[in-house]
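Quantities reported herein were computed from a predicted structural model and do not represent experimental measurements. Numbers here simply count residues along the sequence, with the first being 1.
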Amino acid sequence: MTASRVLVLNSGSSSVKYQLLDMADRSRLAAGLVERIGEETSRLVHEPLTGPGAAGGRREQVGPIADHEAALKAVAAELAADGLGLDSPELAAVGHRVVHGGTKFTQPTVIDDAVLAEIRSLIPLAPLHNPANVTGIEVARGLRADIPQVAVFDTAFHSTMPEYVARYAIDAATADKYSIRRYGFHGTSHAYVSRATAALLGRPVEDVNVIVLHLGNGASASAVRGGVCVETSMGLTPLEGLVMGTRSGDLDPAVIFHLARVGGLSVDEIDSLLNKKSGLLGMCGDNDMREVLRRAGEGDEAAGVAFAAYVHRLKKYIGAYSAVLGRVDAVAFTAGVGENAHQVREAAVDGLAELGLALDLEANAVRSPEPRLVSADYARVAVAVVPTDEELEIATQAYALVTR
C-alpha cells in the first residue's frame, strides 16, 4: 500500500484548522476546526467528508481544551473514530502552514530540529503567527515522529520577486541588519489561483500572465508572470497594500511619527490602530464587506466612502500591475470577498476598458463554487473567479516533496 494521505494543519494562536486529503485522487477525507484553545468554551467542529464516518455528518463538541497538544489529540481522536487515525500507514506526511519563511525558506521544507530552530528565529518578523505555527509543529512531531513533517511557507511564492522589487529604498546596511524587505503573504493562495486560472483558460501556466486579487478580511494582490511572482502588495508584514477589513494598507510612514509626536500614542497603540482598528472597520465601523455593501446601498455615507476607498485601491493595483506585467491575460478574484461579492468585482473593473477589462454583468452576478470566467466575450483580458484552496496547495507541495 502506498501512503498517499496528507494531514494539513494551520495552527493559530488559539485555533487549529485541519484537513485530511488523499493525494491519490486529491479528495478530502475530513476537515475541521478547533477554536478558543485554552478557554472553558473551546469548540471542536469535525466533518468527515468521505468514508464510513461521513454518513454521520458534522460533529461538534464544546468544552475546555487546555492547549495545542490537547487540541491535536482531540483531532486525532475524531479522525480515528472515522477510521482515519493518525496511526494509519496511509499517512504520508503532515503539512504545516508557516506564515513567515524569511529569505531562507523559499520552498516547502522537511522539518528537522535545525529547520524548527530557524522558523523559531523568524518569530520577530511574524510575532502573531510563527509562535503558533511552531507549537503546531512541535505537537505534531510528538504524535507522529516517524513521518515527514513539511513546512509550507506563506512567503515562499513571493521569493521570486526581483531584488529591486523586494528592497525598500532605505539605508541598505540598516535593512540587512534587521531583515527589512518585502516578503509578501498569502503565497499558497496566489500560487494555487495563478495555476488554476491558467487551467481555466486552457493554457500552460508558463504562457499566462495573471493579476491575482486575494480579497478576504486580509487582502493582497500579486503580479504573476508565467507562474512566477514578480510583485506583490504585502511587504515586511501583512499591513502593506490594499485596504483590508481591519488593516490600513498603504500609508505615509510619517503618519506613525505624527501619531507618536502629536497624539502621544505608543508604538503598541499605533500597531494596534493600524492592524486591528483601521481599514473598513476604521472607516465605517464594519469590517464585514456584506454589511458595508448593505449600508452603502442604504445611503450610509461612511460605508459608501469606505467602499469607494477599498475599490479605488484595487483599481490602483490592477493598473500598476498591468504596467509591471506589460501583457495581462487574466485578472483573478479569490477568497471570501473576491469569490462572493459581485459588487466588488463590478466596481473594481468598471472604467478599465482601456486596460482590456470588461465584465459580463449577468455572469458576474451568479454565485458558484466553481472556477469561472465572468468577463465579456469581447474583453481582451479575462476576468476570472477562482475559489482558492490553500489546504490542497499545502498538501500538494508537501506530498510532492516527500515522494520525490
**OP:** Evaluate the criterion side chain to side chain contact (heavy atoms under 4.5 Å, CB included) for residue pair Asp154 and Arg97; output intermediate values, then yes/no.
**Re:** CA-CA 7 Å; Asp154 269 14; Arg97 179 202 181 207; 2.6 Å; yes

Given side chains that start at C-beta, do those of Arg182 and Glu231 come closer than 4.5 Å, heavy atoms only?
->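 Counting from C-beta outward, Arg182 and Glu231 do come under 4.5 Å.
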
If you define the side chain from C-beta out and look only at heavy atoms, does anything of Thr396 sit under 4.5 Å from Arg26?
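Thr396 reaches Arg26 side chain to side chain.
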
The reported gap from OG in Ser11 to CD in Glu138 (rounded to nearest 0.5 angstrom) is 10.5 Å

Do the side chain of [X] and the main chain of [Y] share a donor and acceptor less than 3.5 angstrom apart?
| X | Y | value |
| --- | --- | --- |
| Thr197 | Val193 | yes |
| Ser222 | Val224 | no |
| Glu339 | Thr388 | yes |
| Ser4 | Met23 | no |
| Arg59 | Glu78 | yes |

Review point. In terms of ring plane angle, is the pair His190 and His158 parallel, tilted or perpendicular, where the classes change at 30° and 60°?
Key: perpendicular

Go through it in stages, so that I can follow the logic: the residues are Asp113 and Arg141, the test is side chain to side chain contact (heavy atoms under 4.5 Å, CB included), and I'd like the CA-CA distance, side-chain angles, deciding distance and then a yes or no. CA-CA 10 Å; Asp113 290 343; Arg141 289 179 83 196; 3.0 Å; yes

Worked check of side chain to side chain contact (heavy atoms under 4.5 Å, CB included) between Tyr317 and Ile211: CA-CA 9 Å; Tyr317 270 89; Ile211 298 170; over 6 Å; no

Q) Are the aromatic rings of His100 and Phe185 close, with centres under 6.0 Å apart? A) yes

